[in-house]
There are 2 protein chains.
Amino acid sequence: MSRPTIHDVARVAGVSLSTVDRVLNGRVGVREGTQLRVAEAMRTLGYERNVAAANLSRRRQYRLRFFLPSGSNSFMRGLEDRVRERMAVAGRDSTVIEVTTVPPFDAPALAAELRGLCADAVDGVAIVATDATAIRVAVQDLRARGIAVVTLVSDLPSSERQHFVGIDNVQAGRTAASLLGRFCRWRPGRIALVAGSMLVRDHVERRLGFEQVLRAEFPDQAIGATIEGLDDQDIVEERLRTILAEDPGITGIYSFGAGNRGVARAVSGLSPDRRPAVVVHELTHYSRDALLDGVFDAVIHQDDAREVDVAIRTLRALADGESPDGAAERIGVEVFLRDNLP
Amino acid sequence: MSRPTIHDVARVAGVSLSTVDRVLNGRVGVREGTQLRVAEAMRTLGYERNVAAANLSRRRQYRLRFFLPSGSNSFMRGLEDRVRERMAVAGRDSTVIEVTTVPPFDAPALAAELRGLCADAVDGVAIVATDATAIRVAVQDLRARGIAVVTLVSDLPSSERQHFVGIDNVQAGRTAASLLGRFCRWRPGRIALVAGSMLVRDHVERRLGFEQVLRAEFPDQAIGATIEGLDDQDIVEERLRTILAEDPGITGIYSFGAGNRGVARAVSGLSPDRRPAVVVHELTHYSRDALLDGVFDAVIHQDDAREVDVAIRTLRALADGESPDGAAERIGVEVFLRDNLP
DNA sequence: CTGAAAGCGCTAACAA
DNA sequence: TTGTTAGCGCTTTCAG
């Protein structure tokens with residue numbers, strides 16, 4: 001009726017509680033035969049350890065640390081807010097969370113921070129990775145010191161991070177093309193691309209996915225001019241204005257970096273009937289307003305609150321030596337229109 | 001440094017553990033003055049109860065029960081699968097879950113089941129509601145017996161259910177219009193509507209939202225014929241075929257009931273260049289295939305796995321007398337294209 | 001009205 | 001190699 005406890009296991013195996021505890025936790029100093037008897041008892045009883053009780057007894061604390069880029073990027077600031085919200089209530093799950101911000105795109109700075117971490121002060125870290133060798137090495141170091149590592153939002157492939165919490169950016173690009181292609185279907189033309197920096201892996205992936213789908217499925221839409229806005233709204237605005245003035249055949253815009261405010265300003269200058277369909281990334285205060293004003297048609301989004309939660313759960317599981325449940329914790333590419341805003 | 005415990009509170013207030021416990025749990029038999037001293041101590045220490053320890057001590061079990069419609073509706077069967085997945089691992093959170101299926105749209109049957117529930121066998125129930133007075137009364141009864149009640153997927157407004165876990169269907173309809181309007185923007189025509197039954201509240205709401213947006217924002221698209229498919233794929237297929245044959249000006253189809261297979265079959269009979277844009281509800285095995293085949297353009301979805309999780313968390317919180325965190329647990333209207341499928 | 005003591009399921013010294 | 005014992009933070013008898 002109620003779940004079996006170590007007492008039951010001990011009784012059935014004919015040993016003491018401590019012995020059960022030892023084999024349960026894979027500690028040394030138990031004769032092979034005894035181990036087998038205990039394991040057997042567990043199996044027949046269908047024993048499952050009560051994690052809450054174990055944590056209570058052990059006074060277990062999960063000490064986690066988030067490394068986020070500093071700067072004015074709205075998405076990152078939102079992400080930080082979400083982390084701080086979790087910080088405030090993390091005590092309930094016996095975990096303490098800390099945040100460190102580091103200059104964006106500054107691999108040496110991040111690597112230095114990571115190197116400074118002490119294994120008996122932190123159980124796991126979540127990092128918004130910059131794709132650099134220094135970071136890969138730092139991650140390898142952390143793992144060697146027994147610290148769990150997940151990447152958040154931006155991945156670091158072929159490193160020793162144990163998990164990536166974020167969206168598939170190729171899929172995001174494909175989705176954008178799928179939307180824009182349909183939005184412009186009966187009106188052949190060119191779609192302008194606004195990148196942040198093609199040096200950032202996410203942006204390259206988004207563009208790749210976009211081109212794949214647009215080429216294959218929407219031959220009446222060509223890829224027009226591509227501008228690199230460096231995630232700066234003013235640069236984006238100015239270049240985009242120029243392009244739009246030069247080419248009246250632009251039917252759509254896909255912006256896959258930051259600088260949404262620049263896109264909004266450039267587009268809202270146009271007369272409504274000439275306005276192209278616009279798809280951008282990340283739902284923020286600004287992109288939300290642009291959706292509501294009818295300046296943007298769709299926003300491709302990743303759920304930052306969910307990403308933070310998943311990162312926390314994943315790090316806790318990893319710290320306990322469990323393997324996180326990938327499927328359940330997947331972060332999807334979300335699509336927002338004016339009408340399904342949260 | 002570590003969180004204060006009732007020991008600390010007791011010491012500061014100059015009382016025993018039991019007294020702290022009594023005021024903590026609002027039990028009777030504590031002099032007013034003592035109560036205040038204890039409350040004061042809690043405040044100054046910033047005491048927060050350790051729920052895990054409390055549940056351990058109390059050997060608390062959350063006993064929850066889901067009532068789902070039986071029948072072949074793919075979405076409901078998927079929902080049931082999700083509940084059963086949770087059942088299997090619920091023990092870890094000291095909760096036991098049971099599922100009861102009842103004939104769909106059969107209010108008396110559901111009401112009878114609910115009436116049979118015993119308060120000392122169940123702490124909370126989640127029901128996929130049928131909008132009927134008998135159910136409202138049954139819910140009132142459950143609440144009177146101290147059982148927590150949430151509605152799932154389909155709400156029962158102005159009843160005593162404590163929470164609704166599901167999407168806003170007006171918003172879903174608006175989103176569909178927003179998509180279809182854009183998909184057909186440069187090609188004036190008529191959009192055909194496929195309802196399940198206009199007797200079901202969800203469907204009425206979806207249609208309402210759809211009309212609102214289509215009328216206001218996409219005047220070049222009229223609302224064409226509306227068919228009532230009774231959630232039966234064969235009926236849907238036949239009627240839709242008729243309509244499509246009669247009216248070559250149909251640019252889009254919005255199907256907001258079940259019967260997706262019927263829609264897919266009717267549409268795939270058309271030559272590709274005459275094919276209307278198609279938006280349907282609920283991502284299932286079938287709608288997924290239709291998306292991949294390019295027969296459907298978009299699917300409006302609600303995340304059933306998430307709904308089940310949220311329902312469980314909400315019921316647990318309600319059973320503890322807490323008020324669930326509405327904002328964090330909101331279920332959004334999701335949009336899937338071929339390219340952002342999970 | 002208040003307090004002492006036993007115990008929830010598990011872990012961690014410390015003995016044996 | 002194994003067992004005994006005292007907690008973790010809280011609840012719950014049962015006395016006082």
Side-chain angles (χ1 to χ4, degrees), chain A residues 1-39 41-42 45-62 91-96 120 319-322, chain B residues 1-39 41-42 45-62 91-96 123 319-322:
Chain A
M1 59 150 303
S2 96
R3 301 201 326 176
T5 73
I6 46 172
H7 286 89
D8 303 310
V9 177
R11 194 167 26 73
V12 171
V15 298
S16 76
L17 296 185
S18 347
T19 302
V20 175
D21 181 73
R22 283 190 263 265
V23 346
L24 188 58
N25 293 290
R27 282 187 259 270
V28 294
V30 182
R31 210 178 324 169
E32 175 113 18
T34 318
Q35 273 186 50
L36 287 160
R37 284 213 327 282
V38 173
M42 288 185 178
L45 288 172
Y47 172 80
E48 252 188 303
R49 130 209 271 129
N50 180 332
V51 183
N55 284 346
L56 174 61
S57 170
R58 192 187 312 178
R59 304 223 239 131
R60 177 75 153 107
Q61 289 261 95
Y62 298 88
R92 286 207 284 261
D93 306 305
S94 58
T95 107
V96 338
D120 41 50
D320 281 342
E322 295 163 19
Chain B
M1 62 149 299
S2 98
R3 302 203 321 175
T5 74
I6 47 171
H7 285 91
D8 303 311
V9 178
R11 193 169 23 75
V12 170
V15 298
S16 76
L17 296 185
S18 341
T19 300
V20 175
D21 180 73
R22 282 190 263 266
V23 346
L24 188 57
N25 292 289
R27 282 187 258 272
V28 294
V30 181
R31 209 180 323 173
E32 175 112 19
T34 318
Q35 274 187 52
L36 286 159
R37 286 218 318 288
V38 173
M42 289 186 178
L45 288 173
Y47 173 80
E48 251 188 304
R49 138 213 262 127
N50 179 332
V51 183
N55 284 344
L56 174 62
S57 170
R58 194 187 311 177
R59 301 217 243 133
R60 178 80 153 106
Q61 290 261 94
Y62 299 87
R92 286 207 283 261
D93 307 305
S94 57
T95 108
V96 337
D123 301 303
D320 282 342
E322 295 164 19

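Chain identifiers are assigned alphabetically (A, B, ...) following the order of the sequence lines, protein sequences preceding nucleic acid strands; residue numbering begins at 1 within each chain. In this text, all values refer to a predicted model and were calculated from it rather than measured experimentally.
The residue among Leu24(B) and Arg59(A) whose nearest nucleotide of DNA chain D lies closer to the 5′ end is Arg59(A).
Looking at residues two or more places apart in sequence or on another chain, you find a side chain to side chain donor-acceptor pair (under 3.5 Å) between Asn25(A) and Asp21(A), Arg49(A). Residues satisfying the salt bridge (charged side-chain N to carboxylate O under 4.0 Å, His left out) criterion with Arg60(B), sequence neighbours excluded, are Asp123(B), Asp320(B).
Contacts of Asn50(A) with the nucleic acid, taken as non-hydrogen atoms under 4.0 Å apart, involve only primed sugar atoms and P, OP1 or OP2. Residue contacts for Arg27(A): at a heavy-atom cut-off of 4.0 Å it reaches the sugar-phosphate backbone alone, with no base atom in range.
Rounded to an integer number of Å, the gap from CG of Leu56(A) to P of dC8(D) is 9 Å.
The phosphate of dT2(D) has OP1 or OP2 within less than 4.0 Å of a side-chain N or O from Arg31(A). For dT11(D), one of the phosphate oxygens OP1 or OP2 lies less than 4.0 angstrom from a side-chain nitrogen or oxygen of Asn25(B). Between Arg49(B) and the phosphate of dT11(D), there is a side-chain N or O to OP1/OP2 separation shorter than 4.0 Å. Contact between the side-chain N/O atoms of Thr34(A) and the OP1/OP2 oxygens of dT2(D) is found at a separation under 4.0 Å.
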Could you pull out the protein-nucleic contacts involving nucleotides 3-6 of chain D (nitrogen or oxygen on both sides, under 3.5 Å)?
residue : atom : partner  : partner atom : Å
dG3(D)  : OP2  : Ser16(A) : N            : 2.8
dG3(D)  : OP2  : Ser16(A) : OG           : 3.2
dG3(D)  : OP2  : Thr19(A) : OG1          : 2.9
dG3(D)  : N7   : Ser18(A) : OG           : 3.2
dG3(D)  : N7   : Arg22(A) : NH2          : 2.7
dG3(D)  : O6   : Arg22(A) : NH1          : 3.4
dT4(D)  : O4   : Ser18(A) : OG           : 2.6

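If you walk DNA chain C from 5' to 3' and mark each nucleotide with an atom closer than 4.0 Å to a heavy atom of chain A, the marks span dG9(C) to dA12(C).
Residues in residues 5-20 of chain A take part in these salt bridge (Lys or Arg N to Asp or Glu O under 4.0 Å) pairs, two or more places apart or across chains: Asp8(A)-Arg11(A).
With the end axes of the helix from dC1(C)-dG16(D) to dA16(C)-dT1(D) each set by five pairs, the angle from one to the other reads 40° at 10° resolution.
Asn50(A) has its side chain within reach of Leu56(B): a pair of non-hydrogen atoms, C-beta onward, lies under 4.5 Å apart.
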